[in-house]
Amino acid sequence: MKDIKITRTKQSRLSSLDFNNIPFGKVTSDHMFSAEYVDGEWINYEIKPVENLSLHPANLALHYGQSIFEGMKASITKEGVPMLLRPEMHARRFNASATRMCMPTFPEDDFVEILKLLVGMEKDWIPPVTGSAMYIRPIMFAKDAALGVKPSDTYQFLVLTLPVGPYYSRPVKLFAETQYVRAVEGGVGEAKTAGNYAASLYPTKKAIEKGYDQVLWLDSEEFKYIHEVGTMNIFFVFNEKDVVTPAINGCILKGVTRNTAIHLLGEAGYNVKERDLSILEVVEAYDNGTLTEVFGTGTAALVAHVEEINYKGKRIFLSEDNWGASEYLKAQINGLRDGTIEDTHGWMVPIKEPVLAE
Ligand SMILES: *Cc1c(COP(=O)(O)O)cnc(C)c1O
């Protein structure tokens, strides 16, 4: 990897953090990673205090949206060793998003090494409370200052780390959307790109006004096949053992947690299928009593139980008495993360004490 210039903060902000009360997304650790893409290569690898950026008003990312990100979490074992969960899969997905948005890829080995360095350096920011973690936010955006719809020649890559307290996810209520869509075939639904989230805000606001938490997105042709939820993939359990999650079709974000769930549940004896799933099939299963459980998966909440789905006024209610697969999954992933369950898949990447030049 290229040399990294490291500039340490003169005054850590760590002492001002209340570990028992961390507002999600608002507090960053002291340092961030930064690199720039100029003349066809990534240069200026740097870890430095988090600071404001200076952007020209004609910045291409602001106008035309060439901007992608990742989201993952570092946990800490009982022995105090920070751990990453499947970081190389996030690196691959970041580059898949970059390619779709006509942006340069970032070397995947460097991506993982940088996360290890930065998290190792900021590990005291991981709250010493079970279930706490460090949220890691890599982001890449266009840097050219010249209007015109075309790919930027220059880019910036940043990695922020944010301490997060234990995530107590209450069950969510989903509104199946039959007017707006999140993704279309051939579109950018599979990319973790800024515009997808901007586009989801208005329908989500409408769903919240109706008393729901999030939108359940359906396909754009027939409003029939289930895609996913705002920042989560979705799983349906029939007869307690038959688990179905919508198959990847270019419209669905390929969640790392989704993939982990498919493996873990399959190994535990659940009959897991990735296939097209119609909302009508879900309604029918609810009516005949075979729909037992619905849950979402994603880095932020890990596993979120669904307590209600509203499809065209038809209300589907799910009971917590049937939280079998979701609770099993949550316990398994949490156990991997805190090192109490053996990692037989080679998914966990421990971060040893980093050796850093001053
Ligand atoms: C990030 C994201 C997910 C979840 O992916 P994970 O890798 O499991 O965190 C699901 N759907 C969307 C739209 C997302 O942006």
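Just follow the structure's listing: the first ligand is 1, and inside any ligand the first atom is 1.
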message: Among all the protein's non-hydrogen atoms, which is closest to atom 4 (C) of ligand 1, and how far away is it?
response: T231 O, 3.6 Å
query: Strictly under 4.0 Å, does any heavy atom of G230 approach an atom of ligand 1?
result: yes
query: With only distance considered, is T299 within less than 3.5 Å of ligand 1 through an N or O on each side?
result: yes
task: In plain terms, say whether E307 and K173 are close enough for a salt bridge, that is, a side-chain N and a carboxylate O under 4.0 Å apart.
output: yes
message: For Y270, does the six-membered ring have the charged nitrogen or CZ of K241 within the cation-pi criterion, i.e. under 6.0 angstrom from the centroid and within 45° of the normal?
response: yes
query: What is the nearest protein non-hydrogen atom to atom 14 (C) of ligand 1, stated with its residue, atom name and distance?
result: K192 NZ, 3.0 Å
- request: Could you give me the CA-CA distance, side-chain angles and deciding distance for T193 and R100, then say whether side-chain hydrogen bond (donor to acceptor under 3.5 Å, both in side chains) is met?
  value: CA-CA 9 Å; T193 185; R100 180 63 182 84; over 6 Å; no
Those atoms of ligand 1 less than 4.0 Å from some heavy atom in G255: 5 (O), 6 (P), 7 (O), 8 (O)
- request: Check L253 against ligand 1 and report side chain, backbone, both or neither, counting heavy atoms closer than 4.0 Å.
  value: side chain
query: To which protein heavy atom is atom 8 (O) of ligand 1 closest, and what is the distance rounded to 0.1 Å?
result: T257 OG1, 2.6 Å
task: Would you mind running through ligand 1 and noting each atom that sits below 4.0 Å from a heavy atom of Y197?
output: 13 (C), 14 (C), 15 (O)
Under 4.0 Å to a heavy atom of R93 - the qualifying atoms of ligand 1, by number: 5 (O), 6 (P), 7 (O)
field: R182: numbered ligand 1 atoms lying under 4.0 Å from its heavy atoms
entry: 13 (C)
Could you pull out every donor-acceptor pair under 3.5 Å between side chains of residues 143-156 and any protein atom, sequence neighbours left out?
from: K143; atom 1: NZ; to: Q156; atom 2: OE1; distance (Å): 2.7
from: D144; atom 1: OD1; to: S152; atom 2: OG; distance (Å): 3.1
from: D144; atom 1: OD1; to: D153; atom 2: N; distance (Å): 3.3
from: D144; atom 1: OD1; to: T154; atom 2: N; distance (Å): 2.9
from: D144; atom 1: OD1; to: T154; atom 2: OG1; distance (Å): 2.5
from: D144; atom 1: OD2; to: D153; atom 2: N; distance (Å): 2.7
from: S152; atom 1: OG; to: K143; atom 2: N; distance (Å): 3.4
from: S152; atom 1: OG; to: D144; atom 2: N; distance (Å): 3.0
from: S152; atom 1: OG; to: T154; atom 2: N; distance (Å): 3.3
from: S152; atom 1: OG; to: T154; atom 2: O; distance (Å): 2.7
from: T154; atom 1: OG1; to: D144; atom 2: N; distance (Å): 3.2
from: Y155; atom 1: OH; to: Q66; atom 2: OE1; distance (Å): 3.4
from: Y155; atom 1: OH; to: Q66; atom 2: NE2; distance (Å): 3.0
from: Y155; atom 1: OH; to: C102; atom 2: O; distance (Å): 3.4
from: Y155; atom 1: OH; to: S152; atom 2: N; distance (Å): 3.3
from: Y155; atom 1: OH; to: S152; atom 2: O; distance (Å): 2.9
from: Q156; atom 1: NE2; to: S34; atom 2: OG; distance (Å): 3.0

statement: Atoms of ligand 1 under 4.0 Å from any heavy atom of M232, numbered from 1 in the order shown, are 10 (C), 11 (N)
query: Between E274 and R258, does at least one N-O distance fall below 4.0 Å, as a salt bridge requires?
result: yes
Subset of ligand 1 atoms that lie under 4.0 Å from at least one heavy atom of E228: 10 (C), 11 (N), 12 (C), 13 (C)
message: Looking only at side-chain N and O atoms, does D3 offer a donor or acceptor that is under 3.5 Å from a partner on Y45?
response: no
field: Closest heavy-atom pair and its distance - R13, D30
entry: N-OD1, 2.9 Å
field: Backbone or side-chain N or O of T297 under 3.5 Å from ligand 1 N or O
entry: no
field: Euclidean distance, L158 CG relative to E46 CD, rounded to 0.5 Å
entry: 10.5 Å
statement: Residues pairing under salt bridge (charged side-chain N to carboxylate O under 4.0 Å, His left out) where one sits in residues 196-206, two or more places apart or in two chains, turn out to be none
